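All figures in this text were calculated on a predicted structure; none of them were measured in a lab. We count ligands from 1, going down the list as the structure has it; atoms in each ligand are counted the same way.
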Amino acid sequence: MKTLLTEEQLQEGIRRMADDIRKHYEGRQLTIVGVLIGSVVLLADLIRLLDIPLRVEMVQARSYRHGSTRPGPLVINTDMLTSGVRGRDVLLIDDIFDTGHTLWELIPQIDELGPASVRSAVLLRKAGRCEAPVEPDFVAFEIPDRFVVGYGLDYNEMHRNLPYVAALEPEEL
Ligand code: IMP
Ligand code: MG
């Protein structure tokens with residue numbers, strides 16, 4: 001395992017992204033929608049840096065097959081949106097933008113619920129992997145095409161609790 005982003009670097013990048021988000025939504029109420037499970041660590045840190053009125057909601061998206069680093073079929077569950085997003089400014093939060101399929105499939109499902117706007121923020125964007133005609137609006141860090149864990153990101157559901165982001169070596173996968 002090789003550390004790509006230290007705790008200090010993560011906090012600095014997230015603070016920068018929070019500043020951009022705050023400026024963008026100045027004077028409006030925000031509905032943050034976290035994508036479970038990977039976004040929870042970012043979500044917890046990010047919302048505490050956003051001193052604007054906001055709600056927090058969650059959806060679930062699962063694509064990675066157990067025991068694999070290759071995405072399987074994507075399953076999205078928006079049933080857990082409690083107070084709804086109709087007429088609200090929605091900011092989707094995910095851990096990493098990789099192929100883009102998650103956002104590409106999730107955004108239209110949120111759109112169907114009638115929000116005022118839908119944007120997205122991710123901790124990481126992996127270089128050269130995008131396969132969908134969509135881009136996240138806010139990105140804290142660009143990273144090389146490596147499989148990474150920590151700060152919410154998992155490999156077989158493990159390592160989400162690491163306070164830093166590390167790339168797994170090929171022999172660890
Ligand atoms: P996308 O749909 O390909 O953009 O992938 C987004 C989802 O894939 C993320 O929310 C992660 O759950 C997962 N993912 C993609 N790359 C990695 C990685 O390097 N480590 C851990 N999870 C990843
Ligand atoms: Mg995920």
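Counting the atoms of ligand 1 from 1 in the order shown, those under 4.0 Å from a heavy atom of Leu153 are 20 (N), 21 (C), 22 (N). Near Arg146, the atoms of ligand 1 lying under 4.0 angstrom from a non-hydrogen atom of the residue are 19 (O). For ligand 1, the atoms lying closer than 4.0 Å to a non-hydrogen atom of Phe147 are 17 (C), 18 (C), 19 (O), 20 (N), 21 (C), 22 (N). Residue Asp98 approaches ligand 1 through these ligand atoms, each under 4.0 Å from one of its heavy atoms: 1 (P), 3 (O), 4 (O), 5 (O), 15 (C), 16 (N). Atoms of ligand 1 lying under 4.0 Å from any heavy atom of Lys126, numbered from 1 in the order shown and given with element: 16 (N), 17 (C), 18 (C), 19 (O). Remark: ligand 1 atoms within the under-4.0 Å shell around heavy atoms of Asp94 are 10 (O).
Annotation: side chain of Val85 is not in contact with side chain of Thr78 (no heavy-atom distance under 4.5 Å). Inter-residue side-chain proximity for Leu49 and Met17 is flagged as unmet; no heavy-atom pair is nearer than 4.5 Å. Side-chain contact check for Leu36 versus Met80: some heavy-atom pair is nearer than 4.5 Å.
Considering each of Asp145, Thr99, Val165, Leu168, the one bringing a non-hydrogen atom nearest atom 3 (O) of ligand 1 is Thr99.
Remark: distances from the non-hydrogen atoms of Arg129 to ligand 1 are all 4.0 Å or more. Judged by the shortest distance from any of its heavy atoms, Gly100 lies inside the 4.0 Å radius around the atoms of ligand 1. For the ligand labelled ligand 1, residue Glu131 lies outside the 4.0 Å heavy-atom shell. Note on ligand 1: Val149 sits outside its first shell, no heavy atom being nearer than 4.0 Å.
For Asp154, every heavy-atom contact with ligand 1 shorter than 4.0 Å involves the backbone, none the side chain.
For the side-chain contact (heavy atoms from CB on, under 4.5 Å) criterion with Ile143, the lone passing option out of Val165, Ile96, Leu123 is Ile96. Just one of Val40, Asp95, Ile14 meets the side-chain contact (heavy atoms from CB on, under 4.5 Å) condition when paired with Tyr151; it is Ile14.
Between the side chains of Arg55 and Gln29, at least one donor-acceptor pair of N or O atoms lies under 3.5 Å.
Arg15 CZ: 12 or fewer foreign heavy atoms inside a 6.0 Å radius.
Ion pair Asp19/Arg22 flagged as a salt bridge, since at least one NZ, NE, NH1 or NH2 atom sits closer than 4.0 Å to an Asp/Glu carboxylate oxygen.
Ring geometry for Phe147 against Tyr155 counts as perpendicular: the plane angle is over 60°, on a 0 to 90° scale with 30° as the lower cut.
The shortest N or O to N or O distance between Val148 and ligand 1 is below 3.5 Å.
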